[in-house]
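Atoms considered below: every heavy atom in the structure, side chains included; atoms not considered: hydrogens, waters and symmetry mates. Computed from a predicted structure; not experimentally measured.
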Amino acid sequence: MNAEQLPNLDTFSKAAELSSFSAAARALGLSQAAVSQRVQALEKALSTPVFKRQGGRVLLTEAGQKLYEYAQRILALHREARGAITGHASPAAGELLLAASSIPGEHLLPALLSIFTRKHPHLQVRATVSDSMGVMAQVERGEVSLGLVGRKADNPHLDFRYLASDRMALVVPAGHPLSSRKKVSVKQLARYPLVLREAGSGLRHCFEKSLEKAGLSLADLRIALELGSNEAIKEAILKGVGVAVLSTYAVQKELKTGQLHGLRVSDLHCDRDMFVVQDRRRVLPLPARLFLMFLETQPISYPTP
């Protein structure tokens, strides 16, 4: 492989990061035919395929994965040499595509991104918020590079890294019969209507698992409502619809102002870990790699009820 392959390596890297020739073409301002030609030129020079097609996407072969590692080193060295000669180092640029479930997305990500974007002002960030299972589906489809979720899943394609811990509390409105208590039992909880998150959320999964460990299920409780967001649940509780088990991240303000009161459920253990998830079949583009490195330097502690 000679110096003429440098543009081909750049095109190959973008296609690998986006798992798509058409998306790489749009990102680089090329035609899809030009992207295909450059990849074919690389494969001809190496006498081996570097991509395989799967489910409408392109994934790296074993040879392609090795080539990507070398390509990043070659391209980084090229940028370094150009910066040393011209005196103008090229800042990290590109787009960081993220998805997050409600707690990390609404209560951790804004503060994290405010610091990260100050460190990397030339990066553009796009983030969406849904439930944990929806986030994992986006990661697996290659729609985002990284996801922040409130649970793991048994999926061989996904890799999970610890992000932060989350503490759950039973929350009741001010003036509720339980508002003077510090803890209750599940038997006592079962006397009151309960407002739940929807199936698919990490919080719902954690709560059901903790019930299971106690030899119980949702059928043993009085389910009043299922709602799709923590904000909707808080509003329902404040309106007197029932009580709820929520993340202390989600109710910090209301606990401090006294609108809500937090208790422990003595025989349920529903603290959980949150994770960063990526698809192990895909390579991470530079913005996503920088974000992962950034997260490793940011200690996150959970609030107490």
When rounded to the nearest 0.5 angstrom, what is the spacing between [atom1] in [X] and [atom2] in [Y]?
X: Leu60; Y: Glu17; atom1: CG; atom2: CD; value: 9.5 Å
X: Gln40; Y: Leu42; atom1: CD; atom2: CG; value: 10.5 Å
X: Met168; Y: Arg272; atom1: CE; atom2: CZ; value: 3.5 Å
X: Asp267; Y: Leu216; atom1: CG; atom2: CG; value: 7.5 Å

Are any of the side-chain heavy atoms of [X] and [Y] separated by less than 4.5 Å?
X: Thr117; Y: Val125; value: yes
X: Val39; Y: Asn8; value: no
X: Leu246; Y: Phe207; value: no
X: Leu98; Y: Leu96; value: yes
X: Leu112; Y: Gln298; value: yes
X: Met136; Y: Val149; value: yes
X: Leu9; Y: Leu67; value: yes
X: Pro285; Y: Ser145; value: yes

Exercise. When Met133 is tested against each of His205, Gln138, Arg151 for side-chain contact (heavy atoms from CB on, under 4.5 Å), which residue passes?
Worked result: Arg151
Counting only N and O atoms by type, is there a donor-acceptor contact under 3.5 Å from the side chain of [X] to the main-chain atoms of [Y]?
X: Arg57; Y: Leu18; value: yes
X: Thr61; Y: Pro49; value: yes
X: Asp273; Y: Ser165; value: no
X: Arg167; Y: Asp271; value: no
X: Gln188; Y: Ser185; value: yes

Exercise. Which pairs, with at least one residue in residues 19-36 and sequence neighbours excluded, count as a side chain to side chain donor-acceptor pair (under 3.5 Å)?
Worked result: Ser19-Arg282, Ser20-Ser22
For this session: Give every residue pair that meets the side chain to side chain donor-acceptor pair (under 3.5 Å) criterion with at least one member in residues 216-243, sequence neighbours excluded.
Result: Ser102-Asn230, Arg197-Asn230, Arg204-Glu226, Glu231-Lys234, Lys234-Glu254, Glu235-Lys239
On a heavy-atom basis, which atom in [X] and which in [Y] lie closest, and how many Å separate them?
X: Glu143; Y: Leu97; value: O-CD1, 3.8 Å
X: Pro104; Y: Met274; value: CD-SD, 3.7 Å
X: Leu238; Y: Leu260; value: CD2-CD2, 3.7 Å
X: Thr48; Y: Ala63; value: CG2-CB, 4.0 Å
X: Phe275; Y: Phe160; value: CB-CD2, 4.0 Å
X: Leu123; Y: Pro287; value: CD2-CG, 3.7 Å

For this session: Establish, from distance only, whether the side-chain atoms of Asp166 and Ser247 form a donor-acceptor pair under 3.5 Å.
Result: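 A pair is found: one side chain offers a donor N or O, the other an acceptor, under 3.5 Å apart.
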Exercise. Using a distance-only test with no angle check, is there a side-chain donor-acceptor pair under 3.5 angstrom linking Tyr249 and Glu106?
Worked result: no
Problem set entry | Partners passing ring-ring contact (aromatic ring centres under 6.0 Å, His included) against His176 (at least two apart in sequence or in another chain) |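 Testing His176 for ring-ring contact (aromatic ring centres under 6.0 Å, His included), a comparison that skips the adjacent residues, returns Tyr192.
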Exercise. Going by the angle between their ring planes, with limits at 30° and 60°, are Phe294 and Phe116 parallel, tilted or perpendicular?
Worked result: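 Taking Phe116 first and then Phe294, their aromatic rings sit tilted (interplane angle of 30° to 60°).
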